[in-house]
Each structure stands twice: as structure tokens, then as C-alpha cells.
Amino acid sequence: MNSSKFILPLRAAGLTDIAEVGGKNASLGEMIQHLSAVGINIPDGFIITVAAYRHFMDANRLEE
């Protein structure tokens with residue numbers, strides 16, 4: 001199990017990651033990246049990825 005694919009810093013997400021992090025998280029990541037680039041400091045956060053959700057569902061046999 002590679003837990004690094006389960007948690008991702010918001011600043012690392014972008015619109016190309018929507019399938020793995022969801023639209024809202026991808027948009028927040030884009031906002032942090034663009035606003036930080038112009039000097040506006042925004043606290044970072046983290047994302048629980050789709051891979052983590054799928055792993056949880058499989059590990060607990062909740063597919064159905």
C-alpha cells in the first residue's frame with residue numbers, strides 16, 4: 001500500500017487532477033497556486049484522494 005497516493009497537498013492539485021481529487025479540490029489547488037504566485041498567502045490543506053476512498057471501500061468489502 002502506497003499511502004502517498006491517498007493524501008495530496010492542495011497546492012499540488014490542479015484542473016488536470018479532477019478525476020482523482022474532485023472538482024472542488026482541483027479548483028482550490030488552482031486558486032492556491034495562482035494566488036500564491038502573486039504574493040497572496042493562503043493556508044494549504046490536504047486532499048483525501050479517490051484512491052483512498054476506493055481502498056477503504058475494498059478493504060471493508062463495501063463495493064455493493
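Below, each value reflects all heavy atoms present in this structure, side chains not excepted, and no hydrogens, waters or symmetry copies.
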Minimum heavy-atom separation for [X] and [Y], please, with both atom names.
{"X": "S36", "Y": "I32", "answer": "OG-O, 2.7 Å"}
{"X": "M57", "Y": "E63", "answer": "O-OE2, 3.4 Å"}
{"X": "I18", "Y": "G23", "answer": "CG2-N, 4.0 Å"}
{"X": "E20", "Y": "A51", "answer": "OE2-N, 3.0 Å"}
{"X": "I48", "Y": "F46", "answer": "CD1-CE1, 3.8 Å"}

Which of L8, N25, D17 passes side chain to side chain contact (heavy atoms under 4.5 Å, CB included) with T49? It is L8
Step by step, work out the side chain to side chain contact (heavy atoms under 4.5 Å, CB included) result for V21 and V50.
CA-CA 6 Å; V21 302; V50 171; over 6 Å; no
According to a 4.5 Å side-chain heavy-atom criterion applied to Ile, Leu, Val, Met, Phe, Trp and Tyr, with indirect links allowed, do I40 and M31 form part of one hydrophobic cluster?
yes
N/O donor-acceptor pair under 3.5 Å between Q33 side chain and L28 backbone
no
Test your reading of the model: is there a side-chain donor-acceptor pair from E30 to the backbone of G14, 3.5 Å cut-off?
no
Working to the nearest 0.5 Å, report the span between CZ of R54 and CG of L62.
15.0 Å
Check the pair I47 / L10 against side chain to side chain contact (heavy atoms under 4.5 Å, CB included), numbers first and verdict last.
CA-CA 6 Å; I47 300 164; L10 268 172; 3.6 Å; yes
